[in-house]
Amino acid sequence: MASVCKTFSRGFSSSAIRQTTIKHLTVIGGGLMGSGIAQVAASTGHQVSMVDQSDDILNKSKANIGKSLQRVVKKKFADDPKGGEQFLSETMGRIETSTSAVACMEKTDLVIEAIVENLEIKQKLFSELDAAAPKHTIFTSNTSSIPIGDIASSTKRLDRFGGLHFFNPVPVMKLLEVIRIPATSDETFNKLLAFGKDMQKATVNCKDTPGFIVNRLLVPYMIEAVRMLERGDASPRDIDTAMKLGAGYPMGPFELSDYVGLDTMKFILDGWSKNYPENPLFRPSPMLDKLVGEGKLGAKSGEGFYSYKK
Ligand SMILES: CCCCCCC[C@H](O)CC(=O)SCCNC(=O)CCNC(=O)[C@H](O)C(C)(C)COP(=O)([O-])OP(=O)([O-])OC[C@H]1O[C@@H](n2cnc3c(N)ncnc32)[C@H](O)[C@@H]1OP(=O)([O-])[O-]
Ligand SMILES: NC(=O)c1ccc[n+]([C@@H]2O[C@H](COP(=O)([O-])OP(=O)(O)OC[C@H]3O[C@@H](n4cnc5c(N)ncnc54)[C@H](O)[C@@H]3O)[C@@H](O)[C@H]2O)c1
């Protein structure tokens, strides 16, 4: 009992009483978000299959998870190196990788999709999975901006479909937005909320409205900062300093844009400007388009609004 409490107090409840019947999950996409979700799911005792398009990408994802876990271990197991080693190896041991999402379906209770922010690609993936997954399997998307209902419409399991929107970096950010579409059953929604608790996140209930809660407020703020730069009103460094020291944000809007990925920002803005052309807040940004066109995607590509080249 003592060891259960000790484990729990560190914030890792793999041996504590679990809220849900979700034992195995499949995370599709091993990028920024998918690798973070897989890490947290495994560190809270779930068996995880992480899927991406190639073994090369998956090897990088696993290496990133290893590095992130080292940071967690350094902090949480500062006085217990043996416990830290055990936690690290047990967590990594719960993650298997695959290049076939369909092949993982048979054993999975929950799918969390975290692939590129593109409706057609997400729909194609889910329609293939729908045919392969057991009846009880719940499908979710981690989309930042696409209506969950539009993604779900490619399947015949609307009652077992919802949204799980995590925040970057997943191992650090405490929030999980849990989204329901009108057809999501109460049973499914309650299972998703309980799963969020098992993942040791604070959950908020969201309707399937554009940007849910956080991004409906965050996207206009971030893109307004880019428009301020386009007008030549202030430099990225000064805008970032102003928002950090004047508004208490941990990162300024340009640091955060580079951290999130400028391609993801562009996918969001393009989708919203197409769907809501009357809203001036969502109109495209020439500067963002140019940077993405030049392959400057932020920290992950070595350059965005700032340079990360050593
Ligand atoms: C068009 C607009 C588009 C909008 C896009 C929306 C995107 C999306 O849908 C929503 C989002 O996610 S929105 C984005 C939402 N996200 C935000 O808004 C993020 C805002 N930024 C922040 O909150 C902070 O800058 C960070 C937490 C990122 C870094 O913190 P810092 O103080 O600057 O730097 P530090 O000292 O290095 O790290 C501090 C502690 O964190 C730990 N750690 C860090 N990374 C880790 C990892 N990967 N693994 C494990 N651990 C990690 C680290 O070990 C350390 O622990 P310690 O015990 O204290 O030594
Ligand atoms: N970046 C963020 O801060 C953030 C935060 C919350 C939500 N999201 C959302 O999460 C999702 C993923 O974003 P990301 O930042 O992790 O992107 P990313 O580009 O870092 O990773 C996406 C991964 O998906 C893989 N992929 C693409 N198509 C695939 C397919 N058909 N099958 C398997 N794998 C495939 C890619 O190879 C890549 O590794 C997007 O929907 C995004 O809007 C992003």
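Remember, it's 1-based here, ligands and their atoms both numbered in the order they're listed.
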(message) Considering both backbone and side-chain atoms of H165, is one of its nitrogen or oxygen atoms within less than 3.5 Å of a nitrogen or oxygen in ligand 1?
(response)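 The answer is yes, given that H165 and ligand 1 share an N or O pair closer than 3.5 Å.
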(request) Looking only at distances, please establish whether an N/O atom of ligand 1 is found under 3.5 Å from an N/O atom of N168. (result)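 For ligand 1, there is an N or O atom that lies under 3.5 Å from one belonging to N168.
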Side chain, backbone, both or neither: the part of [X] lying under 4.0 Å from ligand 2 by heavy atom:
X    : value
I146 : neither
F166 : backbone
I115 : both

(request) Return yes when at least one protein heavy atom is under 4.0 Å from atom 39 (C) of ligand 1, and no when none is. (result)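 For atom 39 (C) of ligand 1 the answer is no, since every protein heavy atom stays at 4.0 Å or beyond.
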(request) Output yes when a protein non-hydrogen atom is found under 4.0 Å of atom 10 (O) of ligand 2, and no otherwise. (result)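 Within 4.0 Å: yes, protein heavy atom nearby.
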(request) Find all atoms of ligand 1 within a distance of less than 4.0 Å from any non-hydrogen atom belonging to F167, and give their numbers and elements. (result)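 Those atoms are 10 (C), 11 (C), 12 (O).
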(message) Taking 4.0 angstrom as the limit and counting only heavy atoms of V260, give me the atoms of ligand 1 inside it, by number and element.
(response) 5 (C), 7 (C)
(message) At less than 4.0 angstrom from any non-hydrogen atom of I28, what atoms of ligand 2 do you find?
(response)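 The list of qualifying atoms is 33 (C).
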(message) I'd like to check which ligand 2 atoms, numbered from 1 as shown, lie under 4.0 Å from a non-hydrogen atom of V260.
(response)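 What qualifies from ligand 2 is 1 (N), 2 (C), 3 (O).
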(request) Check if K122 has a non-hydrogen atom at a distance under 4.0 Å from any atom of ligand 2. (result)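 In this structure, K122 qualifies as a contact of ligand 2 - some heavy atom is under 4.0 Å.
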(request) Look at ligand 1 and say whether N215 reaches it with a heavy atom at a distance under 4.0 Å. (result)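 For ligand 1, residue contact (heavy atoms, under 4.0 Å) with N215 is present.
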